[in-house]
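Below is one structure, written out as structure tokens; the observations come after it.
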Amino acid sequence: MASAAPTFDFGSGAKGVGQLFGAAASILGANASIRAADQQQDYLNQSAEYDLFRGRLAQMDVDRQAKAVLDAQKTSYAAQNVDLASETVSQVREETFLEANRVKNEVELNAALEAWGKREQGRIGRAAAADNARAARIGAGGQIVGGVASIAGAFA
């Protein structure tokens, strides 16, 4: 008895090749999403540094404004013939310094919170992209196994 020549099922073979291409596309997409998350994280870190710098500039502006207020107070006291060494003048001056420091601390805290939020957003985005890429690679592994099985099953 003569054995029949092996045949090839082109439908199953094409399905297997399609699964292999799908796996490759999944892996490429996963890598692209990680690169995009890295770029976004870098951007957010730079933006956070800018926020801290902007906070330092705002603190310098508070110092400048406090000095202007103190100078205006001196001028006003001098115009009213108030002794600049008096306890009331010293107390008002001290309160002005305290208020300026409170505002500077608030500015610093706001800048730090904004910077932390951006850095944290970048870190979370990068971690999510890595998790998604891991899942895509696992799925691609299944597609490869299925593709190879379809191609192997195409030979009858």
Using side-chain contact (heavy atoms from CB on, under 4.5 Å), reason through Arg56 and Phe53 one step at a time and then give a plain yes or no.
CA-CA 5 Å; Arg56 287 189 295 273; Phe53 177 69; 3.7 Å; yes
Which atoms form the tightest heavy-atom contact between [X] and [Y], and what is the distance?
{"X": "Ala66", "Y": "Ala100", "answer": "CB-CB, 3.6 Å"}
{"X": "Ala111", "Y": "Gly55", "answer": "CB-CA, 3.9 Å"}
{"X": "Ile27", "Y": "Ala140", "answer": "CG1-CB, 3.7 Å"}
{"X": "Arg93", "Y": "Gln73", "answer": "CA-OE1, 4.3 Å"}
{"X": "Leu52", "Y": "Ala112", "answer": "CD2-CA, 3.9 Å"}
{"X": "Gly13", "Y": "Ile151", "answer": "O-CG1, 3.9 Å"}

Could you give the distance from OG1 (Thr75) to CG (Leu70), rounded to the nearest 0.5 Å?
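Result: 10.5 Å between the selected atoms.
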With rounding to the nearest 0.5 Å, note down the distance linking OH in Tyr77 to CD in Gln80.
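It comes to 8.0 Å.
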Under the side chain to side chain donor-acceptor pair (under 3.5 Å) definition, can you give me all pairs with a residue in residues 32-42, not counting sequence neighbours?
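Sorted result for residues 32-42: Asp38-Arg126.
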Hey, is Asp71 close enough to Lys67 for a salt bridge, meaning N to O under 4.0 Å?
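Yes, this pair counts.
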Is the closest basic N to carboxylate O distance between Glu106 and Arg102 below 4.0 Å?
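Looking at Arg102 together with Glu106, the answer is yes, because their closest N to O distance falls below 4.0 Å.
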Does the Ser47 side chain pair with the main chain of Tyr43, one donor and one acceptor, at a distance under 3.5 Å?
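It does not hold such a pair.
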Are the side chains of [X] and [Y] in touch, meaning some heavy atoms are under 4.5 Å apart?
{"X": "Asp51", "Y": "Lys118", "answer": "yes"}
{"X": "Ile124", "Y": "Gln121", "answer": "no"}
{"X": "Arg123", "Y": "Glu120", "answer": "yes"}
{"X": "Val62", "Y": "Asn101", "answer": "no"}
{"X": "Asp63", "Y": "Lys104", "answer": "yes"}
{"X": "Val89", "Y": "Asp83", "answer": "no"}

[Y] and [X] side chains, donor-acceptor separation under 3.5 Å:
{"X": "Asp61", "Y": "Gln65", "answer": "yes"}
{"X": "Ser90", "Y": "Glu94", "answer": "no"}
{"X": "Asn31", "Y": "Arg137", "answer": "yes"}
{"X": "Lys15", "Y": "Ser150", "answer": "no"}

Shared hydrophobic cluster for Val17 and Ile144 (ILVMFWY, side-chain gaps under 4.5 Å):
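Yes: a chain of side-chain contacts under 4.5 Å links Val17 to Ile144.
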Side chain to side chain contact (heavy atoms under 4.5 Å, CB included) partner of Leu57, the single match among Met60, Gln59, Arg54:
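For Leu57, the side chain to side chain contact (heavy atoms under 4.5 Å, CB included) check succeeds only for Met60.
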